[in-house]
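Note on naming: letters A, B, ... go to the chains in the order of the sequence lines (proteins, then strands), and numbering restarts at 1 for each one. These figures come from a predicted structure and were not determined experimentally.
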Number of protein chains: 2
Amino acid sequence: MGDKRIPQIPLPTLKRLPVYYQYLTRQARKGVTDISCASIAKAMGLVAVQVRKDLQLTGAVGRPKTGYRLKELLEALERTLGYDNKTEMFLVGVGSLGKALLHYRRFGDYNIGIAAAFDVSEDVIGTEIDGKPVLPFRKFPSLCRRLHVKFGIICVPAEAAQEVANIMVSSGIEAIWNFAPITLELPDMVIVHNENLTASLSILLKKYKTQHTGSERE
Amino acid sequence: MGDKRIPQIPLPTLKRLPVYYQYLTRQARKGVTDISCASIAKAMGLVAVQVRKDLQLTGAVGRPKTGYRLKELLEALERTLGYDNKTEMFLVGVGSLGKALLHYRRFGDYNIGIAAAFDVSEDVIGTEIDGKPVLPFRKFPSLCRRLHVKFGIICVPAEAAQEVANIMVSSGIEAIWNFAPITLELPDMVIVHNENLTASLSILLKKYKTQHTGSERE
DNA sequence: TCCTAATCGATAAATATTTATCGATATAAA
DNA sequence: TTTATATCGATAAATATTTATCGATTAGGA
Ligand SMILES: NC(=O)c1ccc[n+]([C@@H]2O[C@H](COP(=O)([O-])OP(=O)(O)OC[C@H]3O[C@@H](n4cnc5c(N)ncnc54)[C@H](O)[C@@H]3O)[C@@H](O)[C@H]2O)c1
Ligand SMILES: NC(=O)c1ccc[n+]([C@@H]2O[C@H](COP(=O)([O-])OP(=O)(O)OC[C@H]3O[C@@H](n4cnc5c(N)ncnc54)[C@H](O)[C@@H]3O)[C@@H](O)[C@H]2O)c1
């Protein structure tokens, strides 16, 4: 129901594609020029068929006996994942996590950049982190519109996240990377991707307990 | 073919359970005492049947007309996810991300704590972050054994991650939360959960492009 | 030149996950 | 007290995802 678009790429595959890309760039740096699904699968703990099926969705074509040309494969992945166009983001909430993201240099490898950061605290407003200015949050709407920034990162406490998200959306933001542990209520048009670190840690905890206390029932 | 244990709880469900828990604790704080699958589903953008099926796996029982007793439901989730026992972790790599995790107070809400941190850099060794000492990494093995710590967090650069993981495992660590963007090769017994932030951001990027450049084919 | 083995691409089968349906039951209102 | 209805729990159907299989092809060696 609704007009939610059919995704071209199944979500489980989409989650693996960037990981292939990371692995493949490392192989390329090592001088590898051709690579097979079998070797990728082995390195990543998957099975070859799955890798082959995933990579097929990028349009890359391999060849019998030798596999894929690594350079072509990387280009196919870059096109598929959108690394071939520059993406600019605005970050809101320059606390410890926001600062970590601002410091991180490697997003540039994927043509992604944080153009500026915003906060309400005088402690951080006016500072610069890795060359990115920290501006008062009230300037977010005008600057966002002026620069046509479409991607936002939310690093504020849970209590403030919905309000920040609302302002983001009304300022033209169309995709949000949300680190606050709440489910944002936003128009369907807006893409929200939750990075729920605590929830993620819980998964590790449970997997461990499952393995170590055995099958509780079954 | 391998003795990989059958998970009691399907992974997709396991990923949702902590998010239910977060939502439900917020509702409890608001004074809600009974809650239905329908209302949970609505708040989290899911359908009621799915929520009901997920919650069934926690052993919680609801009642016609009124739904679940929130208190009971939270307890069931706490038991299921392991929040009812204290979990101590060691963190390695006190860079910007490691510091953010060390500063974060809310893991305590889930009975999870970072007992100590380790690094090789003199810049951080000897400091304290939110009361947690930063120790030289060479002390990791002995301390890990002595305190029977089973959970490790890897926040070192990708190049150092495999080596740190190896030392962790040989020191008795059995579950690893890995922030480095590489696939660690470790014995099957060790649970590894990758927190690949860049890969995750890529998913947002692609979802956005899919929605905004339309169906490329199909 | 011919043969062998590795690999892809396509199709089919098996599994896993989500979603629909429906009877039973407890609450609250008539 | 009776009735209407919201909700659960169970079962079944539909969908999505993973895994298996197999023929075609090509590189590299016999
Ligand atoms: N730090 C972690 O390791 C961690 C782990 C899990 C989840 N999270 C989540 O990530 C988010 C950020 O965490 P953190 O530890 O960096 O928090 P923090 O408290 O260190 O920083 C929050 C920042 O947001 C700013 N802020 C508050 N309200 C604002 C508003 N309305 N507009 C603009 N800025 C505002 C504050 O001034 C502060 O600088 C939180 O939602 C937290 O729950 C963080
Ligand atoms: N910061 C981010 O936003 C971000 C985003 C995506 C991924 N990551 C990943 O998270 C990890 C940490 O990122 P960061 O930004 O905090 O890095 P960082 O460079 O700020 O910190 C790394 C820390 O690890 C320490 N270290 C290096 N080698 C070590 C060793 N062998 N043993 C012990 N300690 C060692 C360093 O001294 C340093 O303190 C990296 O793998 C990075 O790719 C970080």
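Applying a 4.0 Å cut-off to non-hydrogen atoms, the residues of residues 48-61 of chain A that approach DNA chain C are Arg52(A), Gln56(A), Val61(A), listed by residue number. Near DNA chain C, meaning a heavy atom under 4.0 Å from it, residues 13-22 of chain B has Arg16(B) in order of number.
Residue Leu46(A) contributes atom CG, which lies 10 Å from atom P of dT18(D) at whole-angstrom precision. With rounding to whole Å, Leu70(A) atom CG is found 13 Å from dC8(C) atom P. In this structure, Asp34(B) places its CG atom 17 Å from P of dA6(D), rounding to the nearest Å. As rounded to whole Å, 14 Å separates atom C1' of dT7(C) from atom CG of Leu73(A). Rounded to an integer number of Å, the gap from CD of Gln8(B) to C1' of dA16(C) is 16 Å.
The pair Arg79(A)-Asp84(A) does not count as a salt bridge, with every side-chain nitrogen at least 4.0 angstrom from each carboxylate oxygen.
Aromatic ring centres of Phe90(B) and Phe151(B): separated by at least 6.0 Å.
Minimum interatomic distance between Ala60(A) and Tyr68(A) (heavy atoms only, all atoms of both residues): O-CE2, 4.0 Å. Summarising the geometry of Leu205(B) relative to Leu81(A), their closest heavy-atom pair is CD2-O, 3.4 Å, with the distance given to 0.1 Å. Residues Asn196(B) and Gln22(A) approach most closely at ND2-OE1, 2.7 Å, considering heavy atoms. Closest heavy-atom contact between Ala158(B) and Ala180(B): CA-CB, 4.1 Å.
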When you look at Tyr23(A) and Tyr20(A), which way does the ring-ring contact (aromatic ring centres under 6.0 Å, His included) test go after all the steps? CA-CA 5 Å; Tyr23(A) 171 71; Tyr20(A) 295 137; 8.7 Å; no
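A side-chain donor-acceptor contact under 3.5 Å links Asn166(A) and Gln162(A). Between the side chains of Thr13(A) and Asp54(A), at least one donor N or O lies within less than 3.5 Å of an accepting N or O.
Put simply, CG on Leu101(A) and NZ on Lys99(A) are 12.0 Å apart, with the number rounded to the nearest 0.5 Å.
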A correct 5'-to-3' footprint of nucleotides 23-30 of chain C, with B, S and - meaning base, sugar-phosphate only and no protein heavy atom under 4.0 Å, is --BSB---
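Using bins of under 30°, 30° to 60° and over 60° for the plane-to-plane angle, the ring pair Tyr104(A)/Phe107(A) lands in the perpendicular bin.
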